[in-house]
Amino acid sequence: MANKFSAPRGTADILPEETLLWQDLEAKTRELMRVYGYREIRTPIFEETALFARSLGQSSDVVQKQMLNLAKNVSPGQESQEDGGLSLRPEGTASIVRSYIENSLDKKEGLSKLYYVGPMFRGERPQKGRLRQFHQIGVEVIGPNSFHPYLDAEVIALSVRILEQFGIKDFELRINSLGSNEDKRNFSTVLRERLKKDMGKLCPECQSRFERNVFRVLDCKNKECKAVVAKLDLGDAHLSKESKEYFGKVREALGSLKIRHTVSPQLVRGLDYYTHTVFEISHSELGSQDALGAGGRYNDLVQELGGSEGVGGIGFALGMERVLLAQPAAELKQSIDCFVVSLDAAGEKKASSEAFKFIEELRAKAVTADTSYAQGSMKSQMRAADKSGARYVIIIGEDELRDGKYTLKNMHSGDQEKLSFSEVLARLLKK
Ligand code: HAM
């Protein structure tokens, strides 16, 4: 027997019984996005590797360890700008900012309120809630006038409303401010000073992070590093007066929307582009991969990627697999309007051929109709009808062909009646 194939490690098939939940998640989210004034953007699932290195940071874990690069396929003499390599997108922000700049959206609209839904790729060690191909719902608001505390609060509120809409309650929203780029530099100096005496206790990776990107020490999952970090009393001394005021206004605005949150000075996020407000939403029941979503402001990214000065942005992404894991159990079923049972006389095909045409006519009127082509007994066809969840069964046999009327059975009440095609249709269209 030939070897069977399996889905690649860290990927998952989403089977029909689950896709209904995915569709529900997408449909309700899209509706909420519409209500909040966000429009969908779709960008390619791969980009130049350099885009991610420049945005997320060369020293970020994602760029250092998790990029899934495409094999190069360039003939000699045909080298192009892409020769630095292409990678599957590990997240959406970099691509969306790239697209924003490339398509001069700043010239076309004051504030671009964008959302996206789709797969992301990270070469991580797979475990529950952590995949190599996973899906995000994300938003990015970019524009020259986007540096407004109400916008930070709107974006955070939207992420919370999405979760609430799916009945997810026990989540924790933590927020922090990294301040401006200059504040971030102060922050890293303060951090280095505080961590210096405990250098020996940090894992070898954090010891190298200490110089390269000291913020990463705060995200380290190593037990000893976590213990060192837990003892740090960070506060907000690194923030300028303006940054503190801004953050205060964001918190006030969240309060006015009754969005519960805690301030967590340890929260710095693993990607380099963040400035000012950052946030993360976690859910204790998800185990070690407890982040449902996260986001923050990135006031310098547009300029760093070659766009205009003074164009800031803020956004978030929710992990769809994790939202579905955290959602209270829900069962959705795709049912049909009617199932057609046909019973041919011995040696004939009249009933089944009539049924075949009949179903197509029903479908043309947008009635969902189906049948089982495996021509079995009445009993086996009724079993299939039951399984399909159809509201009605239509029976076509010798009697029905002779009378030119079909038997319509209401599967809920068990009532049966003989009707013409137009009467059947009227009954089926009456919801
Ligand atoms: P992130 O924190 O890297 O942020 O990812 C956001 C969410 O995606 C996580 O909280 C998690 O729910 C989900 N996620 C990440 N990696 C995996 C994985 N391997 N398997 C399953 N789910 C995962 C970003 O991606 C930023 N782009 C968010 C953002 C948008 N910031 C500003 N705008």
Side-chain angles (χ1 to χ4, degrees), residues 14 18-45 89 91-101 103 105-106 108-120 134-169 171 173 175 250 253-254 256-259 261 273 277-281 283 291-298 301-302 311-327 330 332:
I14 303 170
E18 299 155 288
T19 45
L20 287 178
L21 289 171
W22 282 80
Q23 286 168 8
D24 185 55
L25 175 56
E26 286 176 24
K28 289 185 179 145
T29 301
R30 283 178 197 284
E31 179 52 20
L32 208 53
M33 294 292 179
R34 193 183 66 77
V35 169
Y36 274 75
Y38 288 66
R39 292 172 308 142
E40 188 181 6
I41 181 164
R42 300 186 188 195
T43 59
I45 59 164
R89 61 181 187 190
E91 59 105 57
T93 314
S95 313
I96 293 195
V97 171
R98 192 266 309 137
S99 173
Y100 177 89
I101 299 167
N103 296 294
L105 294 190
D106 57 334
K108 295 178 189 153
E109 44 198 39
L111 199 58
S112 300
K113 296 174 75 173
L114 310 166
Y115 80 89
Y116 50 97
V117 180
M120 306 291 162
F134 59 100
H135 299 77
Q136 284 186 345
I137 290 168
V139 316
E140 311 296 345
V141 185
I142 313 171
N145 300 312
S146 68
F147 194 33
H148 195 296
Y150 281 177
L151 191 57
D152 297 44
E154 174 186 302
V155 165
I156 296 173
L158 175 54
S159 67
V160 165
R161 301 297 177 227
I162 295 175
L163 299 177
E164 286 173 348
Q165 172 151 273
F166 291 97
I168 301 173
K169 288 200 191 90
F171 55 81
L173 166 65
I175 68 170
V250 173
L254 285 174
S256 74
L257 300 181
K258 305 212 164 23
I259 306 276
H261 60 274
Y273 49 63
T277 316
V278 287
F279 65 102
E280 210 161 275
I281 306 176
H283 195 288
L292 281 171
R297 178 165 280 289
Y298 43 89
L301 184 59
V302 173
V311 178
I314 179 164
F316 71 80
L318 294 172
M320 294 173 78
E321 282 80 2
R322 295 188 192 174
V323 171
L324 288 170
L325 278 172
Q327 187 185 3
L332 298 177

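The residues of the chain are indexed from 1 along the displayed sequence.
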Distance, nearest 0.5 Å, that separates [atom1] of [X] from [atom2] of [Y]:
X      : Y      : atom1 : atom2 : value
Ile96  : Thr43  : CD1   : OG1   : 4.5 Å
Leu173 : Phe171 : CG    : CZ    : 7.5 Å
Leu292 : Phe316 : CG    : CZ    : 11.5 Å
Lys113 : Arg39  : NZ    : CZ    : 10.5 Å
Arg322 : Leu163 : CZ    : CG    : 13.0 Å
Gln327 : Leu25  : CD    : CG    : 7.0 Å

Measuring only between side-chain heavy atoms, which start at C-beta, is [X] closer than 4.5 Å to [Y]?
X      : Y      : answer
Thr277 : Ile156 : yes
Leu257 : Glu154 : no
Leu324 : Trp22  : yes
Ser95  : Tyr116 : no
Tyr38  : Leu32  : no
His135 : Ile14  : yes
Leu254 : Ile175 : yes
Ile41  : Tyr100 : no

- Query: Does atom NZ of Lys258 have more than 12 heavy-atom neighbours from other groups under 6.0 Å away?
  - Reply: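 No, because the 6.0 Å sphere around NZ of Lys258 holds 12 heavy atoms or fewer from other groups.
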- Just do the side chain to side chain donor-acceptor pair (under 3.5 Å) check on Tyr273 and Thr93 with the steps written out, would you? CA-CA 9 Å; Tyr273 49 63; Thr93 314; 3.1 Å; yes
- Query: Would Ile137 and Glu26 count as a side-chain contact (heavy atoms from CB on, under 4.5 Å) if you check the C-alpha gap in whole Å, the side-chain angles of each, and the deciding distance to 0.1 Å?
  - Reply: CA-CA 8 Å; Ile137 290 168; Glu26 286 176 24; 5.8 Å; no
- Does a salt bridge link Glu164 with Arg161, judged by any charged N lying under 4.0 Å from a carboxylate O?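 Result for this pair is yes, salt bridge flagged.
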- Item | Worked verdict on Tyr36 versus Val139 for side-chain contact (heavy atoms from CB on, under 4.5 Å) | CA-CA 11 Å; Tyr36 274 75; Val139 316; over 6 Å; no
Would a distance-only check, ignoring hydrogens and angles, find a side-chain to backbone donor-acceptor pair under 3.5 Å from [X] to [Y]?
X      : Y      : answer
Arg89  : Pro119 : yes
Ser146 : Gly312 : yes
Gln165 : Lys28  : yes
Ser256 : Ala253 : yes

- List in chain and number order the residues that pass salt bridge (charged side-chain N to carboxylate O under 4.0 Å, His left out) with Glu91, two or more places apart in sequence or in another chain; answer none if no residue qualifies.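 For Glu91 there are no salt bridge (charged side-chain N to carboxylate O under 4.0 Å, His left out) partners, ignoring immediate neighbours.
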- Test salt bridge (charged side-chain N to carboxylate O under 4.0 Å, His left out) applied to Arg297 - qualifying residues, sequence neighbours left out: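 With sequence neighbours excluded, Arg297 shows a salt bridge (charged side-chain N to carboxylate O under 4.0 Å, His left out) to Asp152, given in chain and number order.
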Indicate the atoms forming the closest heavy-atom contact of [X] with [Y], along with that distance.
X      : Y      : answer
Ala153 : Val250 : CB-O, 4.4 Å
Tyr298 : Gly315 : CE2-N, 3.8 Å
Gly92  : Gln136 : N-OE1, 4.1 Å

- Query: Pick from Leu105, Leu151, Asn145: which one makes a side-chain contact (heavy atoms from CB on, under 4.5 Å) with Leu111?
  - Reply: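 Only match with Leu111 under side-chain contact (heavy atoms from CB on, under 4.5 Å): Leu151.
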